[in-house]
Engineer: 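After the structure tokens below, expect a handful of questions from me.
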Amino acid sequence: MMKKIRILSLLLLFFLFPATLLPAASFDRLEKATGPRDAVLIADPSGNIIFSRNADKPMIPASTLKVLTALVARHYLKPDFRFVTEFYTDDAGNLKIKGYGDPLLISEHIPDIARAVAGKIDQYNDLVIDVSYFGDVVIPGVTASLNPYDAPNSAFAVNFNTVTFKRKNGTYVSAEPQTPLLPFVMDRVRKSGLRKERIVLSAENDESVLYAGHLFRHFLSEAGVRSGGGLRTGTVRSDDQLIHRHVSPY
């Protein structure tokens, strides 16, 4: 682990400073720090390769993909981009939530969103979740593990599609004070047989999407918005009325 930290620290120098300003010793240190299971490729803004080690050797990229993903997102979305989540009502009195992929739709902010919606309506029939913005998302390599990075992606997801719980005095409770442990996931929690864990919600039978809807319905109820119907997936229509547009603070 310390070796990886040294390599990352050296690479950070190349991100922060032009290669022409760095002493040759920096390249020597990087050369010595990288081994047969490491791969490094550094190029200047013109595309000229100034350092290379095992650049053509196939390896498992693991979490380094996050760096590339962040750089691509910043390039195409621009630094001032913000994710949104929209709330609509229809002629049948239903409340519809349309997701646009906000990755940080978390319990710390949902109560504020619910209060904003409560300022527009005081009741609704069905809660309808619209995840059509992304379509089907298939990611190679995703498994059924309990690791948060294996959680399914969706245009509408809360708390990274995970639920954290623990046992207290023989009873399952939420391990996060800001997140209630909802009846919708209790069967999954009990079947886990674990005393304390973060379980990953599945895309099967829309479990993760429906959980997000249940969590919003909980906080809407706490904000004073009554529901007389059920919870289901659906789509926003052109004649539905937009009543609130949440803009992510991140």
Engineer: Roughly how far, to the nearest 0.5 Å, is NZ of Lys96 from CZ of Arg237?
Structural biologist: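 These two atoms lie 6.5 Å from each other.
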
Engineer: Without hydrogens or angle criteria, can the side chains of Thr162 and Arg198 be said to hold a donor-acceptor pair below 3.5 Å?
Structural biologist: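 Yes, a side-chain donor-acceptor pair sits under 3.5 Å.
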
Engineer: Measure the acute angle between the ring planes of Phe87 and His244, then classify it against the limits of 30° and 60° as parallel, tilted or perpendicular.
Structural biologist: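 The rings of Phe87 and His244 sit tilted, inter-plane angle from 30° to 60°.
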
Engineer: Got a sec: does the NZ of Lys57 have more than 12 other heavy atoms crowding it under 6.0 Å?
Structural biologist: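 Count over threshold, so yes.
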
Engineer: Any sub-3.5 Å donor-acceptor pair from Arg232's side-chain atoms to Asp126's backbone N or O?
Structural biologist: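 A pair under 3.5 Å: no.
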
Engineer: If you compare all heavy atoms of Ala157 against all heavy atoms of Leu105, which two are closest, and at what distance to 0.1 Å?
Structural biologist: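 Here Ala157 and Leu105 meet closest at O-CB, 3.4 Å.
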
Engineer: Do the two ring centres, one from Tyr100 and one from Phe83, sit under 6.0 Å apart?
Structural biologist: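 Judged by ring-centre distance (under 6.0 Å), Tyr100 and Phe83 do not meet the cut-off.
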
Engineer: Which of these passes ring-ring contact (aromatic ring centres under 6.0 Å, His included) with His109: Phe219, Tyr250, Phe216?
Structural biologist: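 With His109 as partner, Phe219, Tyr250, Phe216 yield a single ring-ring contact (aromatic ring centres under 6.0 Å, His included), made by Tyr250.
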
Engineer: Do Asn125 and Ser227 have a side chain donor and acceptor closer than 3.5 Å?
Structural biologist: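 No, because no side-chain N or O of Asn125 sits under 3.5 Å from a partner of the opposite role on Ser227.
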
Engineer: For the side chain of Lys120 and the backbone of Ile243, is there at least one donor-acceptor N/O pair under 3.5 Å apart?
Structural biologist: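 Side chain of Lys120 to backbone of Ile243: a pair is present.
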
Engineer: Do Ser132 and Asp130 meet the criterion of a side-chain donor-acceptor pair at a distance under 3.5 Å?
Structural biologist: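 Checked: Ser132/Asp130 side chains pair up, N/O donor to acceptor below 3.5 Å.
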
Engineer: Tell me whether Lys32 is salt-bridged to Asp28, with the criterion being a basic N under 4.0 Å from an acidic carboxylate O.
Structural biologist: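 Salt bridge between Lys32 and Asp28, a charged N being under 4.0 Å from a carboxylate O: no.
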
Engineer: Which heavy-atom pair separates Val225 from Ile121 by the least distance, and what is that distance?
Structural biologist: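 Closest heavy-atom pair between Val225 and Ile121: CG2-O, 3.8 Å.
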
Engineer: If you draw a 6.0 Å radius around CG in Asp56, do more than 12 non-hydrogen atoms from other residues or ligands fall strictly inside?
Structural biologist: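 It does not: Asp56 CG has 12 such atoms or fewer within range.
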
Engineer: Would one find more than 12 heavy atoms of other residues, nucleotides or ligands at under 6.0 Å from atom CZ of Arg82?
Structural biologist: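 Counting other residues, nucleotides and ligands, CZ of Arg82 exceeds 12 neighbours.
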
Engineer: Evaluate side-chain hydrogen bond (donor to acceptor under 3.5 Å, both in side chains) for Ser154 paired with Asn161, printing each intermediate quantity in order.
Structural biologist: CA-CA 9 Å; Ser154 170; Asn161 278 331; 5.8 Å; no

